[in-house]
Structures are given as C-alpha cells and as structure tokens.
Amino acid sequence: MTQIEWTEEFSVGHAEIDREHEALIAQVNHIHNQLKLPMDSTAVESCLADLQDDISAHFALEELLMLEAGYGEYASHKQDHDQLLDEIQDMIFHFSEDSHNGKKLLMDRLSDWFSRHFKDFDARLHDQLG
Ligand SMILES: [Fe+2]
Ligand SMILES: [Fe+2]
C-alpha cells in the first residue's frame, strides 16, 4: 500500500468535485498512516466510517452532475461506484470481525480501491461536468 499523491493532472475541472477528491485522498492516506501505527481499532473504524459516508456522498454528487450533463458513460461509471461501495463495506466488515487480518486486507487494497476508479473513470470526467 502506498500513499496517493494529488497532482493537478487529476483535476476534473469541477471545483467541488476536485475539492472532494483531494479530501478523500487525504482520508485514505490518513488511514494508511494509522495502520502503520500500533493498532487502535476504534480510531481506524471511526475513520473508515467517515470515509464510507463521505465517499457515498461524493458518488451521489458525481452521479447527479453526470446526469445533469447528459454524460454518456453514466451507467458504467455508476456501476463502478456501486462496486466500490460494496468493496469498502466488505473491508469494513472484515476489519470489525478480525482487526489483524482486516488490517492486512486494508493495507493491500485500500489505496488501490480508490485510485483505480479515480485514475480511470473519474479521469474521463475531465471537462464533462457543467
Ligand atoms: Fe467516480
Ligand atoms: Fe470521484
């Protein structure tokens, strides 16, 4: 697991979406740092819950803007959002059941979980949102 670094090339050209992407990257990186410290399950669970809430709200906003803009790839983009929500739910469940193995899963998957969508689906939104 590596830290995700924000660069301007990730900008999709919509101020609110770009701000949220920066904030979400900071949250993912914060969890990454927490996992390197002696285990504090409660703190990690709290940050994961915040990330889940914020990413749900972010996806809802992106989907609304895509619909408003008549974006042609809406359906596949939304499908990937739905899959990401399932995956974070899965990671959170595993962590709450077994923090030792759940931590390994998070270390393996969390930053890829976000950056894969971000560098592929979200990158194609560039200048497509109102
Ligand atoms: Fe997206
Ligand atoms: Fe996004």
Side-chain angles (χ1 to χ4, degrees):
M1 181 170 176
T2 51
Q3 294 260 346
I4 307 169
E5 267 186 60
W6 169 268
T7 69
E8 270 307 307
E9 69 182 296
F10 292 149
S11 166
V12 302
H14 185 285
E16 183 65 21
I17 293 293
D18 285 344
R19 202 163 32 242
E20 290 189 359
H21 281 162
E22 282 193 74
L24 290 165
I25 287 171
Q27 282 175 276
V28 170
N29 288 339
H30 179 67
I31 295 170
H32 168 83
N33 287 333
Q34 276 183 317
L35 293 172
K36 289 193 292 190
L37 298 170
M39 179 69 88
D40 180 346
S41 304
T42 309
V44 172
E45 277 174 21
S46 160
C47 288
L48 287 169
D50 287 346
L51 176 63
Q52 187 178 33
D53 284 351
D54 291 354
I55 206 133
S56 297
H58 170 70
F59 288 165
L61 175 61
E62 239 177 50
E63 287 161 19
L64 179 69
L65 292 170
M66 285 191 279
L67 282 177
E68 283 177 357
Y71 182 60
E73 293 181 53
Y74 171 82
S76 59
H77 197 131
K78 179 177 174 21
Q79 193 177 30
D80 206 55
H81 283 172
D82 292 343
Q83 191 185 324
L84 288 162
L85 291 175
D86 285 347
E87 286 171 8
I88 184 93
Q89 181 60 47
D90 204 44
M91 286 187 270
I92 289 171
F93 175 75
H94 280 287
F95 188 80
S96 68
E97 289 284 295
D98 175 350
S99 62
H100 181 71
N101 285 317
K103 173 181 165 169
K104 278 196 212 155
L105 193 71
L106 286 167
M107 295 289 272
D108 283 350
R109 289 199 200 157
L110 188 64
S111 55
D112 282 351
W113 164 81
F114 183 73
S115 49
R116 179 188 59 76
H117 177 84
F118 185 61
K119 289 177 179 168
D120 182 2
F121 284 88
D122 284 357
R124 294 205 295 275
L125 292 176
H126 192 80
D127 290 339
Q128 299 291 314
L129 304 177

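As the structure lists them, so they are numbered: ligands from 1, and atoms in each ligand from 1.
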Donor + acceptor pair across side chains of Gln83, Gln79 (<3.5 Å):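 No, Gln79 and Gln83 have no side-chain donor paired with an acceptor closer than 3.5 Å.
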Between the side chains of His77 and Asp122, is a donor N or O closer than 3.5 angstrom to an acceptor N or O?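 Present: a donor and an acceptor within the cut-off.
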For a salt bridge (charged side-chain N to carboxylate O under 4.0 Å, His left out) check, start with the C-alpha distance between Arg19 and Glu16, then their side-chain angles and the critical distance, and finish with the verdict. CA-CA 5 Å; Arg19 202 163 32 242; Glu16 183 65 21; 2.5 Å; yes
Tell me whether the guanidinium CZ or amine NZ of Arg116 lies under 6.0 angstrom from the six-membered ring centre of Phe114 and within 45° of its axis.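 Judged by the rule, Arg116 and Phe114 form no cation-pi pair.
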Mind jotting down which residue pairs meet the ring-ring contact (aromatic ring centres under 6.0 Å, His included) criterion with at least one end in residues 41-63? Sequence neighbours excluded, please.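 Residue pairs with at least one partner in residues 41-63: His21-His58, Phe59-His81, Phe59-His117.
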side-chain contact (heavy atoms from CB on, under 4.5 Å) assessment of Trp113 paired with Ile55: CA-CA 12 Å; Trp113 164 81; Ile55 206 133; 3.5 Å; yes
Could you pull out the N/O/S protein atoms under 2.8 Å of the Fe ion (ligand 1), ignoring any water?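 Less than 2.8 Å away from the Fe ion (ligand 1) sit Glu62 OE1, His77 NE2, His81 NE2, His117 NE2, Asp122 OD1.
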